[in-house]
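To keep things clear, I will list the structure first and then write my remarks on it.
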Amino acid sequence: MTKIGWIRHGVTQWNVEGRAQGSTDIPLNEEGLQQAEVLAERLSKEEWHHIYSSDLQRALVTAEAVAKRLGGGMAVKQDERLREMGGGLLEGTTEAERIEKWGADWREMDWQGESHESVVGRGSEVLREIALNHPGENVLIVSHGALIGRCLKELVPDAYKNEPLQNTSISTIYANAAGGWTCEKFNCALHLSGVVNEAAAK
């Protein structure tokens, strides 16, 4: 079975400010860079054969930090289908700003963002291709919170927990013989608490 370790990127300043990022290419902040290094330390204790990433820099820089610690500098394969769910008019805004601009019912308006079906479709497509191209191997994917969360909710609903994915958390799923997915680990970020060895064992 193919093992997928799905990782959310490190934290950015827009994360700190509560701004919708979507496809806007926001860099990691200093904390995010540190998180990426701690994640890399955790994953260096595990066996991974390939790493894929969104082409947005907050994911790509996270992936590159991990890749440097794996197999003497593993190449990161970029795929724009792993980008965050497009936020349309919401990108760059906080909830307070949205309420001020559009009112308390802003969620009901047409904010010209990407549909749920679109983001789950492209995320699931990448997973299928990776499982097909890397049978029996362990593959890391660095991507974004909404894309990962929505795909996991569709693919492993019994294991999905309705909670925000932490920055640099890892969720581990396996492709099974029936063409479905099994979840081993959800939203695990023990490494951020300094529990690197324990995190690697779980």
Side-chain angles (χ1 to χ4, degrees), residues 1-10 22-23 39-40 42-56 58-60 62-63 66-67 69-71 74-87 113-192 195 197-202:
M1 296 187 295
T2 304
K3 176 182 177 179
I4 302 287
W6 217 343
I7 297 165
R8 187 186 178 200
H9 60 79
S23 58
L39 172 70
R42 168 185 178 169
L43 295 175
S44 70
K45 303 176 185 302
E46 304 174 6
E47 182 179 13
W48 297 99
H49 304 112
H50 306 276
I51 184 166
Y52 287 76
S53 175
S54 157
D55 61 339
L56 297 179
R58 57 190 184 271
L60 184 57
T62 303
V66 172
R69 298 292 301 274
L70 299 179
M74 189 179 294
V76 178
K77 303 174 180 69
Q78 298 181 47
D79 194 321
E80 65 180 20
R81 292 174 297 175
L82 293 169
R83 286 185 172 196
E84 181 60 296
M85 183 177 188
E114 185 177 5
S115 70
H116 171 79
E117 291 75 18
S118 172
V119 71
V120 170
R122 59 183 171 87
S124 299
E125 181 179 61
V126 175
L127 286 181
R128 287 193 298 270
E129 289 180 10
I130 288 174
L132 181 65
N133 294 331
H134 303 292
E137 294 187 294
N138 302 335
V139 183
L140 293 169
I141 301 175
V142 184
S143 189
H144 306 267
L147 182 140
I148 298 170
R150 286 172 181 260
C151 287
L152 290 177
K153 189 173 183 178
E154 291 287 330
L155 298 173
V156 287
D158 292 343
Y160 179 81
K161 300 172 185 176
N162 190 24
E163 61 188 35
L165 294 177
Q166 298 181 68
N167 290 100
T168 69
S169 67
I170 182 167
S171 299
T172 307
I173 60 176
Y174 289 87
N176 58 47
W181 297 89
T182 302
C183 184
E184 174 192 60
K185 184 182 303 178
F186 182 84
N187 196 20
C188 179
L190 284 172
H191 52 280
L192 296 182
V195 197
N197 291 329
E198 183 179 341
K202 290 190 175 182

Go through the steps to decide whether L152 and C183 satisfy the test side-chain contact (heavy atoms from CB on, under 4.5 Å), and finish with yes or no.
CA-CA 9 Å; L152 290 177; C183 184; 5.7 Å; no
Evaluate side-chain contact (heavy atoms from CB on, under 4.5 Å) for W48 paired with K3, printing each intermediate quantity in order.
CA-CA 9 Å; W48 297 99; K3 176 182 177 179; 3.6 Å; yes
Worked verdict on V142 versus V66 for side-chain contact (heavy atoms from CB on, under 4.5 Å):
CA-CA 10 Å; V142 184; V66 172; 5.6 Å; no
Give the intermediate values and the outcome of side-chain contact (heavy atoms from CB on, under 4.5 Å) for residues I4 and W181.
CA-CA 10 Å; I4 302 287; W181 297 89; 3.7 Å; yes
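For the atom pair OG of S53 and CZ of R83, the computed distance is 11.0 Å after rounding to the nearest 0.5 Å. In this structure, CD in E117 is found 11.5 Å from OG in S124, a value given to the nearest 0.5 Å. Taken to the nearest 0.5 Å, the CZ atom of R42 stands 9.0 Å off from the CG atom of L192. Rounding to the nearest 0.5 Å places CE of M1 at 6.5 Å from OG1 of T182. Rounding to the nearest 0.5 angstrom, the gap separating the CG atom in L190 from the CD1 atom in I170 is 11.5 Å.
Looking at R8, its side chain does come within 3.5 Å of a backbone N or O of L165 through a donor-acceptor pair. Counting only distance, with no hydrogens or angles, the side chain of N187 and the backbone of P164 share a donor-acceptor pair below 3.5 Å. In this structure, the side chain of N138 engages the main chain of E47 through a donor-acceptor pair within 3.5 Å. With S143 contributing its side chain and S54 its backbone, the two residues share no donor-acceptor pair below 3.5 Å. The backbone N or O of L147 sits less than 3.5 Å from a side-chain atom of E84, completing a donor-acceptor pair. With hydrogens and angles ignored, the 3.5 Å screen pairs a side-chain donor or acceptor of H191 with a backbone N or O of T168. Listed for the T172 side chain is no donor-acceptor partner under 3.5 Å among the backbone atoms of K185.
H49 places none of its side-chain heavy atoms less than 4.5 Å from the side chain of H134. Taking the side chain as every heavy atom from C-beta outward, W6 and L127 approach each other to under 4.5 Å. Looking at heavy atoms from C-beta onward, L43 lies out of side-chain contact with R69 at the 4.5 angstrom threshold. Under the 4.5 Å side-chain criterion, counting only non-hydrogen atoms from C-beta, L140 is in contact with L70.
Look at E129 and R81 and you find a salt bridge, because one of the NZ, NE, NH1 or NH2 atoms lies within 4.0 Å of a carboxylate O, short of that distance. Of the charged side-chain nitrogens involved, at least one lies within less than 4.0 Å of a carboxylate oxygen, so that R122 and E114 count as a salt-bridged pair.
Tested against I7 for a side chain to side chain contact (heavy atoms under 4.5 Å, CB included), the candidates I51, L39, N167, I141 yield a single pass: L39.
Taking each heavy atom of D55 and L60 in turn, the nearest pair found is O-CD2, 4.4 Å.
Applying the 6.0 Å contact sphere to NZ of K77 captures more than 12 heavy atoms from other residues, nucleotides or ligands.
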